[in-house]
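Heads up, the thing below is written out as structure tokens.
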Number of protein chains: 2
Amino acid sequence: MDSPVMIASDVQLDDRTVMRVAEIFSALSDPSRIRIIASLRDAERHVGALAEMAGLSESAVSHHLRNLRQLRIVKARRDGRQIFYSLDDEHIADLFQRSLEHVLHG
Amino acid sequence: MDSPVMIASDVQLDDRTVMRVAEIFSALSDPSRIRIIASLRDAERHVGALAEMAGLSESAVSHHLRNLRQLRIVKARRDGRQIFYSLDDEHIADLFQRSLEHVLHG
DNA sequence: TGAATAGCTGAACATATATTCATAGATAGG
DNA sequence: CCTATCTATGAATATATGTTCAGCTATTCA
């Protein structure tokens, strides 16, 4: 006998699932983080480059990157004094890309 | 000659695009709205049913539905004194479903 | 018409969150 | 070492946002 299993088509969602979905979408809901993620689709970039690209202080970018890191949406790699960030979750990158396409031609 | 055109793989995004992506993800980033949307995947439901399902006042649900309506994520249909809501954007419904699957078995 | 029900709306309030500022840690180069 | 550079961190602040509350509109039914 199989035990009952959570499938994505279940209408009612348990609290933990709801919170995790909310975390993901919250991470993608801020304009600055959207610019950061869009920039990282292309290639890894260091904090200073992201700050300049997004028009933010390096501190602000660092806070955003911590947010994204904790959700494993991005990962960090140190090279000398610089820390390079890149996308670390292709499902979320795909989600992001789809939302973008929906907005641009959709 | 083709004029230059915005394609989704462009790394840099213009402000308006960024804001529209942020609006979509913001709409999907609240636990109460997530429960509402999850419930509507299945079938249309009226405000009172959504309120009971989500454990919210009808007023709170109404505020959330206005938010979702303005983004054309849901649409409304009156039947007598009740107003039935249903999903109105299959791309966003798809986005939602994918995020859910990512969380549940991802 | 009048009462009852369903839902909407605006203001008020409480909480969450993005950014700044000051400071600290880590690394490279002199 | 000492300094400069790059990034991280915590506190403070300003703004955004979810919920409640009171009151309103619309619809049904007697």
Side-chain angles (χ1 to χ4, degrees), chain A residues 13 15 18-40 43-86 88, chain B residues 13 15 18-40 43-86 88:
Chain A
L13 307 178
D15 291 10
V18 168
M19 293 312 294
R20 291 194 57 199
V21 171
E23 276 179 351
I24 290 173
F25 283 131
S26 294
L28 303 176
S29 72
D30 175 73
S32 297
R33 285 193 295 274
I34 289 171
R35 290 197 180 85
I36 289 171
I37 292 171
S39 171
L40 295 180
E44 64 175 8
R45 304 196 195 280
H46 61 92
V47 178
L50 290 170
E52 188 185 354
M53 178 277 308
L56 292 175
S57 70
E58 301 186 355
S59 175
V61 170
S62 191
H63 282 296
H64 284 303
L65 289 170
R66 174 168 57 173
N67 182 330
L68 296 171
R69 229 187 311 125
Q70 285 169 344
L71 293 172
R72 301 191 198 282
I73 294 174
V74 303
K75 62 174 184 285
R77 173 182 77 80
R78 179 180 280 280
D79 180 22
R81 270 176 298 201
Q82 309 191 104
I83 299 188
F84 285 85
Y85 282 86
S86 57
D88 194 31
Chain B
L13 306 178
D15 289 11
V18 168
M19 293 313 293
R20 292 194 57 199
V21 171
E23 276 179 350
I24 291 173
F25 284 132
S26 294
L28 303 176
S29 71
D30 174 72
S32 297
R33 285 193 295 273
I34 288 171
R35 290 195 180 87
I36 289 171
I37 292 171
S39 171
L40 294 180
E44 64 174 9
R45 302 195 195 279
H46 62 91
V47 178
L50 290 169
E52 188 184 355
M53 178 277 307
L56 293 176
S57 70
E58 300 187 357
S59 175
V61 170
S62 191
H63 282 296
H64 284 304
L65 289 171
R66 174 168 56 173
N67 182 330
L68 296 172
R69 229 186 312 124
Q70 284 169 344
L71 293 173
R72 301 191 200 282
I73 293 174
V74 304
K75 62 172 183 286
R77 172 182 78 79
R78 179 181 280 279
D79 181 21
R81 270 176 297 203
Q82 309 189 102
I83 299 188
F84 284 84
Y85 281 86
S86 57
D88 194 31

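In the text below, chain A, chain B and the rest are named by the order of the sequence lines, each starting its count at 1. All figures in this text were calculated on a predicted structure; none of them were measured in a lab.
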Which salt bridge (Lys or Arg N to Asp or Glu O under 4.0 Å) pairs, counting each pair once, include a residue from residues 56-75 of chain A, with sequence neighbours left out?
Lys75(A)-Asp88(A)

Tyr85(B) side-chain N/O to dA6(C) phosphate OP1/OP2 under 4.0 Å
no

For Ile83(B) and dC24(D), give me the distance from atom CD1 to atom C1', rounded to whole Å.
14 Å

Atom pair distance, as rounded to whole Å: CG in Leu65(B) and P in dT19(D)
12 Å

Residue pair Ile34(B) / Val18(A): nearest heavy atoms and the distance that separates them:
CD1-O, 3.8 Å

Value in whole Å for how far the C1' atom of dT19(D) lies from CG of Leu50(B)
17 Å

Counting only side-chain N and O atoms of His46(A), is one of them less than 4.0 Å from OP1 or OP2 of dT7(D)?
yes

Donor-acceptor under 3.5 Å (Ser29(B) side chain, Ser26(B) main chain)
yes

Do you know the tightest heavy-atom contact between Leu65(A) and Val74(A)?
O-CG2, 4.0 Å

Give the B/S/- string for nucleotides 18-30 of chain C, one per nucleotide from 5' to 3', where a protein heavy atom under 4.0 Å of the base yields B, of only the sugar-phosphate yields S, and otherwise -.
SBBB-----BB--

In whole angstrom, give the distance that lies between atom CG of Leu68(A) and atom P of dT17(C).
14 Å

Give a yes/no on whether any side-chain N or O of Arg77(A) is located under 4.0 angstrom from OP1 or OP2 of dT7(D).
no

To the nearest angstrom, the CD-C1' distance between Glu23(B) and dT17(D) comes to 14 Å

Hey, does Gln82(A) reach any base, or is it just sugar-phosphate, or nothing, if we go heavy atoms under 4.0 Å?
sugar-phosphate

Indicate yes or no: does Arg35(B) engage Asp30(B) in a salt bridge with an N to O separation below 4.0 Å.
no

